[in-house]
Amino acid sequence: MNKQQLIKWSFWPILVAVILIVYSYISAEAVNKHLNFIPAHAKAVVVVDSKYLAKDFFELLKFNPTKIDEVLSVEENNDINELPAELPGIVPLEKMAFYLYQDTRTKDQQFFRCFIASLSDGSQFLRKMNGMREEAIVANIEGGQVHFFKEDNKLVLIKENIGLVIEPINPTFKLNIAIGEEHYMSVFSNEAISLSEESPSFSETLRQKNHVTIWSPNEEGMLKGFVGEMIGVDKMFNSQSISVNLIDENIETIVHLFLNEKDLLIEKSTDIVPLNNQELLRLSMSLNPKKLKDYFQSLIPSENYFLTDTWTGQISTSIIGFRNEPVYKLKADTLIDNSKLDTLIQIDTVELSRLVNLPHFALAIELEDGKTVRELIRMDSTITAKDGYFYTKIPNLINENIYIKITGNDLLLSSTPSGLKYKPSYSTFAFNMNIEGLISNYPPKDMLQALFIPTINKFDFKSFEMYYDKMNDDFICLNGKLELGKEDVHSLLKVVPFAFNMASDF
C-alpha cells in the first residue's frame with residue numbers, strides 16, 4: 001500500500017473515531033461561555049457548532065457507511081497531508097468561532113483574524129499553535145497570558161480555559177506582544193464590552209443551532225458592495241446572520257436580516273423566479289415607498305426626482321456584466337487660506353473603486369402611472385432622447401450616464417443601454433447569484449486578481465439563492481441554498497476534504 005493510500009485509510013477511521021467520541025457527549029449541554037468574550041468591535045464572526053455537525057455526520061455514516069469513499073480517492077486527492085500527531089486541546093463539544101477585527105492604532109489600520117475556543121488542555125493548545133516550534137515571548141496579564149510566536153507571526157491569548165489566536169490578514173505585517181496585550185484587555189478585562197452585550201442580533205445568533213453561522217454588521221457581509229451600496233442597504237438593516245447546514249446534495253442557508261425600522265418591507269409576491277440569461281445576480285424587494293424614496297438620489301439628479309414620485313415600492317436590480325475601465329467621481333476638499341481668512345473648495349477626481357472592476361447594473365421600479373412619467377421625461381430638457389431610450393448624467397460621477405426607459409409601468413434605469421432589455425422580477429425579498437457566471441465574466445483588475453480568481457473555482461461553487469420565508473418586528477427570515485460540486489453527493493461529504501486541509505494549515 002503506497003503512502004497516499006495509507007494516509008487515506010488511516011484518516012477516515014481516526015476521523016470516524018473522533019466523531020463517535022464527540023457523539024457520545026451529544027446529550028450533554030454545551031456551555032459556550034467563551035463566545036461571550038468576542039469583542040464589540042468585531043467586524044464579522046463565523047461560529048461553527050461542532051456538536052451539531054458531529055451529530056449529523058454520525059447519522060450520515062450510520063446509514064451510509066460507504067458514502068465516505070465517494071469524496072476522497074487517491075487519484076483526486078494527491079495533496080492530502082498526514083494527520084497531526086496530537087489533538088489540539090480544544091473541547092470538541094462546544095462551538096468554535098472565527099472573527100475579524102480592525103486595529104486603528106496599527107500602521108495602515110491593519111485587519112486581524114482571530115480564532116476562539118474553549119480549551120480542554122491549554123499546554124496542548126499552545127503546542128498545536130506553535131507551528132515553528134519556537135520559544136515564545138510570554139507576558140502575564142490580569143490572570144492570563146499572551147504568547148507571541150515571532151517566527152510564526154502569531155499571538156495566542158490564554159485566559160483560564162479559553163484560547164484565542166490572532167493572525168494578521170496581511171502576512172507581511174509583523175505582530176508584536178503589545179498588540180496581543182491590547183486585544184487581551186479589549187476581550188478579557190472588566191471594562192471590555194462584548195459583542196453579545198452590544199448587539200441583540202449577535203446574541204440571537206449565538207442561540208441558534210446550525211452547522212455554521214456567519215454574523216456581520218450592516219457595513220460588512222453579503223449585501224455590502226455593488227448592489228448593497230446602490231440601494232442603501234445600511235438604511236434598512238443593522239446586521240445579518242447566515243446559518244449554513246450541510247444537507248443532502250445542497251448546502252441549506254437560513255438568513256436573518258435585522259431591521260433598523262419596522263414597516264420598511266411590505267409582504268407582496270413570494271414567487272420563485274430563476275435568473276435569466278442576462279443576469280449574473282439579482283436582488284428584488286418590496287419596500288415602503290414613503291420611507292425609502294431617497295434611495296435613488298445617488299443615481300438621478302435632483303431635478304429628475306419626479307421619476308420616482310409614483311413608485312409603488314417594488315424594486316428589482318441585477319448585475320448584468322462587468323466593465324473593465326475605471327469609473328471616476330468628483331472629490332471635493334475644503335481648504336482654508338489663513339492669510340485671507342477665506343475658505344476654498346478644491347475639486348479633484350478619484351477612481352470610484354480602486355480594488356475591483358465595477359459591474360454594469362440594471363434596476364427596475366414599478367410605477368403607479370408609467371404613461372404620465374413618460375410624458376414628463378419627454379418634456380424635461382435635462383434628459384436626452386436617443387434610439388427609443390433616454391439618458392442623463394449620474395450625480396458626482398465623471399462622464400457617466402444613467403439610461404432610462406419606461407415599459408408599461410416599469411421604469412428601467414441602467415448603467416448601459418443594453419440593460420434596457422431587462423425584465424424585472426418583483427418579490428417581497430429574493431436574492432439570486434450565479435457564482436459560476438460571476439467568476440467567468442469578471443475581468444481581473446490586476447495580476448493578483450488574475451492569479452487568485454482561478455483558485456475560487458476549486459471549490460466548485462455553482463449558485464446561491466435566498467427567498468423570503470417570514471418576517472417579525474426585528475428581522476426578516478430567508479431560506480435558500482448554495483449549490484456546489486456533484487449534486488448526488490451529500491454536502492457533508494463534499495466539504496470534509498476542504499475542512500481537513502484548512503484544519504491542517506491552521
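Computed from a predicted model, the values in this text were never measured in an experiment. The chain is numbered in sequence order, starting from 1.
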Tell me, yes or no, whether the heavy-atom count around [X] atom [atom1], taken from other residues, nucleotides or ligands under 6.0 Å, exceeds 12.
X    : atom1 : answer
L352 : CG    : yes
N472 : CG    : yes
K405 : NZ    : no
K423 : NZ    : no

Practice problem: Return the minimal non-hydrogen interatomic distance between H41 and S186, and the atom names on each side. | Solution: CE1-OG, 3.7 Å
Would you say the side-chain atoms of [X] and [Y] include a donor-acceptor pair closer than 3.5 Å?
X    : Y    : result
S318 : Y422 : yes
N210 : N245 : yes
N304 : T382 : yes
Q208 : S243 : yes
T416 : S414 : no
N409 : D369 : no
Y468 : N479 : no

Return the orientation label for the [X] and [Y] ring planes: parallel under 30°, perpendicular over 60°, tilted otherwise.
X    : Y    : answer
Y442 : F322 : perpendicular
H256 : F475 : perpendicular
W215 : F202 : perpendicular

Quiz item: Step by step, would you call I435 with L482 a side-chain contact (heavy atoms from CB on, under 4.5 Å)?
Solution: CA-CA 10 Å; I435 302 176; L482 172 67; 3.6 Å; yes
Practice problem: For the pair Y426 and I315, evaluate side-chain contact (heavy atoms from CB on, under 4.5 Å) and give the outcome as yes or no after the intermediate values. | Solution: CA-CA 6 Å; Y426 300 122; I315 182 170; 5.6 Å; no
Practice problem: Go through F188 and F37 one step at a time and tell me if the side-chain contact (heavy atoms from CB on, under 4.5 Å) criterion holds. | Solution: CA-CA 7 Å; F188 295 120; F37 287 95; 3.6 Å; yes
Quiz item: If you measure from the Lys or Arg side-chain nitrogens to the Asp or Glu carboxylate oxygens, is any gap between R323 and E400 under 4.0 Å?
Solution: yes
Quiz prompt | Ring centers of F429, Y467 separated by less than 6.0 Å | solution = no
Practice problem: Kindly indicate, with the supporting measurements, whether the criterion salt bridge (Lys or Arg N to Asp or Glu O under 4.0 Å) is fulfilled by K268 and E366. | Solution: CA-CA 13 Å; K268 288 286 182 71; E366 184 185 59; 5.7 Å; no
Quiz item: For the atom pair NE2 (H183) and CG (D103), what is the distance rounded to the nearest 0.5 Å?
Solution: 9.0 Å
Self-check item: Steps toward salt bridge (Lys or Arg N to Asp or Glu O under 4.0 Å) verdict (E182, R105)
Solution: CA-CA 10 Å; E182 289 170 356; R105 291 165 293 189; 3.7 Å; yes
Practice problem: Just do the salt bridge (Lys or Arg N to Asp or Glu O under 4.0 Å) check on E167 and R113 with the steps written out, would you? | Solution: CA-CA 6 Å; E167 292 182 304; R113 59 173 174 262; 3.6 Å; yes
Practice problem: Show the numbers, then the answer: is there a side chain to side chain donor-acceptor pair (under 3.5 Å) between S415 and H360? | Solution: CA-CA 6 Å; S415 60; H360 278 301; 2.9 Å; yes
Quiz item: Who pairs with E198 by side chain to side chain donor-acceptor pair (under 3.5 Å), at least two apart in sequence or on another chain?
Solution: none
Practice problem: Dump the intermediate steps for side-chain contact (heavy atoms from CB on, under 4.5 Å) on R282 and S316, then the final yes or no. | Solution: CA-CA 7 Å; R282 184 204 304 136; S316 176; 3.8 Å; yes
